[in-house]
Amino acid sequence: MMSLQKATLFALYAVLELAEDTDRQLSASEIAERYNISTNHLAKVLRDLGRAGLVESVRGAGGGYRFCGNAKRTTLLDVVRLFEEVGAGPASGIVQETNAGVALSLVMDEIEEITHATLLSISIETMLKLMRKRRPEKPSSTGLFRAV
């Protein structure tokens with residue numbers, strides 16, 4: 001199972017939350033409260049997302065953040081690679097040059113390629129459709145989108 005850093009998960013939560021309604025603005029604390037995550041950590045992540053052109057901050061009364069990317073063209077990889085090394089290259093540097101090590105390296109490289117291709121193939125729009133399809137009646141602390 002692929003493990004993501006907290007910053008990556010927070011970025012995905014924020015992008016998906018904000019992309020659900022691009023006219024709506026939410027503060028970092030509103031998003032953090034929904035996902036029971038650190039507001040300070042999320043604010044740093046939102047700044048990184050802003051620098052990447054995926055969200056913009058709106059100052060003043062009623063301000064907050066809004067999604068300004070293209071949900072059809074923005075992929076999960078676009079968000080994940082802001083915080084993670086995806087497709088960082090062969091795993092050969094971490095395994096021994098033995099038959100077992102080479103075989104393991106080949107498998108790890110293939111897993112990396114599959115992960116990269118999968119994240120590249122799923123758009124934010126696709127995720128939003130999945131969220132709408134799976135949305136429970138009331139928010140739950142379990143399921144596909146939960147903070148860890």
Side-chain angles (χ1 to χ4, degrees), residues 1-59 62-95 102-148:
M1 178 178 153
M2 181 178 178
S3 179
L4 298 174
Q5 297 178 46
K6 282 185 179 182
T8 309
L9 287 172
F10 293 1
L12 290 167
Y13 296 148
V15 165
L16 293 169
E17 188 68 37
L18 295 169
E20 257 192 306
D21 181 357
T22 55
D23 294 329
R24 177 185 60 174
Q25 298 168 170
L26 293 172
S27 69
S29 59
E30 288 173 306
I31 298 169
E33 187 175 313
R34 283 189 187 166
Y35 293 91
N36 194 30
I37 59 179
S38 163
T39 302
N40 290 336
H41 197 161
L42 179 62
K44 292 175 189 171
V45 166
L46 286 164
R47 282 193 292 278
D48 290 340
L49 291 171
R51 281 192 287 276
L54 293 175
V55 302
E56 65 182 6
S57 63
V58 180
R59 303 216 178 262
Y65 293 88
R66 64 180 208 84
F67 181 74
C68 61
N70 182 327
K72 290 181 182 180
R73 292 192 176 162
T74 304
T75 67
L76 290 180
L77 182 63
D78 294 325
V79 178
V80 170
R81 77 167 66 157
L82 295 172
F83 304 92
E84 308 272 347
E85 286 190 39
V86 180
S92 57
I94 60 170
V95 293
V102 170
L104 180 58
S105 178
L106 290 171
V107 170
M108 297 306 292
D109 291 346
E110 185 171 340
I111 291 169
E112 186 73 22
E113 288 174 22
I114 291 167
T115 300
H116 184 273
T118 301
L119 292 172
L120 181 62
S121 72
I122 301 172
S123 70
I124 297 302
E125 181 178 63
T126 300
M127 289 298 297
L128 293 174
K129 288 177 184 175
L130 180 62
M131 288 166 56
R132 289 181 195 112
K133 185 177 176 181
R134 295 183 56 104
R135 175 166 285 140
E137 291 297 317
K138 292 193 175 211
S140 155
S141 63
T142 61
L144 189 59
F145 301 103
R146 64 183 170 95
V148 280

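As the structure is a prediction and not an experimental result, all values here were calculated from the model. Atom set for the values below is all heavy atoms of this structure, side chains included, hydrogens, waters and symmetry mates excluded.
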Supply the atom-to-atom distance [X] [atom1] to [Y] [atom2], rounded to the nearest 0.5 angstrom.
X      : Y      : atom1 : atom2 : value
Leu130 : Met127 : CG    : CE    : 5.5 Å
Leu128 : Arg132 : CG    : CZ    : 5.0 Å
Asp78  : Ile122 : CG    : CD1   : 12.5 Å
Thr8   : Tyr13  : OG1   : OH    : 11.0 Å
Glu113 : Ile111 : CD    : CD1   : 10.5 Å
Glu20  : Leu26  : CD    : CG    : 9.5 Å

#### Entry: side-chain contact (heavy atoms from CB on, under 4.5 Å) evaluation trace for Leu54 with Tyr65
CA-CA 10 Å; Leu54 293 175; Tyr65 293 88; over 6 Å; no
### Query
Between Val15 and Thr74, does a side-chain contact (heavy atoms from CB on, under 4.5 Å) hold up when you go through it step by step?
CA-CA 10 Å; Val15 165; Thr74 304; 5.6 Å; no
Taking all atoms of both residues into account, what is the closest heavy-atom pair of [X] and [Y], and its distance?
X      : Y     : answer
Ala11  : Val79 : CB-CG1, 3.8 Å
Thr39  : Ala32 : OG1-CB, 3.4 Å
Ser3   : Glu84 : O-OE1, 4.5 Å
Cys68  : Gly53 : SG-O, 3.4 Å
Ile124 : Ala19 : CG2-CB, 3.7 Å

### Message
Please check if the number of heavy atoms outside Gln5 that lie under 6.0 Å from its CD is greater than 12.
### Response
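Atom CD in Gln5 is packed in, count exceeds 12.
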### Task
Step through the shown structure and confirm whether more than 12 heavy atoms of other residues, nucleotides or ligands are within 6.0 Å of CD on Glu33.
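Not buried by this count: 12 neighbours or fewer within 6.0 Å.
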### Task
Start with the C-alpha gap between Leu18 and Leu46, add the side-chain angles, then the distance that decides, and say whether side-chain contact (heavy atoms from CB on, under 4.5 Å) holds.
CA-CA 11 Å; Leu18 295 169; Leu46 286 164; 4.3 Å; yes
Can you find a pair of side-chain heavy atoms, one from [X] and one from [Y], that are under 4.5 Å apart?
X      : Y     : answer
Leu4   : Leu12 : yes
Asp48  : Leu82 : no
His116 : Arg81 : yes

### Task
Over 60° means perpendicular and under 30° means parallel, so classify the ring planes of His41 and Phe10, tilted if in between.
perpendicular
### Message
side-chain contact (heavy atoms from CB on, under 4.5 Å), that's the test. Do Arg24 and Glu17 meet it? Break it down for me.
### Response
CA-CA 10 Å; Arg24 177 185 60 174; Glu17 188 68 37; 3.7 Å; yes
### Task
Consider only side-chain N and O atoms of Ser123 and Thr126, and report whether a donor and an acceptor are under 3.5 Å apart.
yes
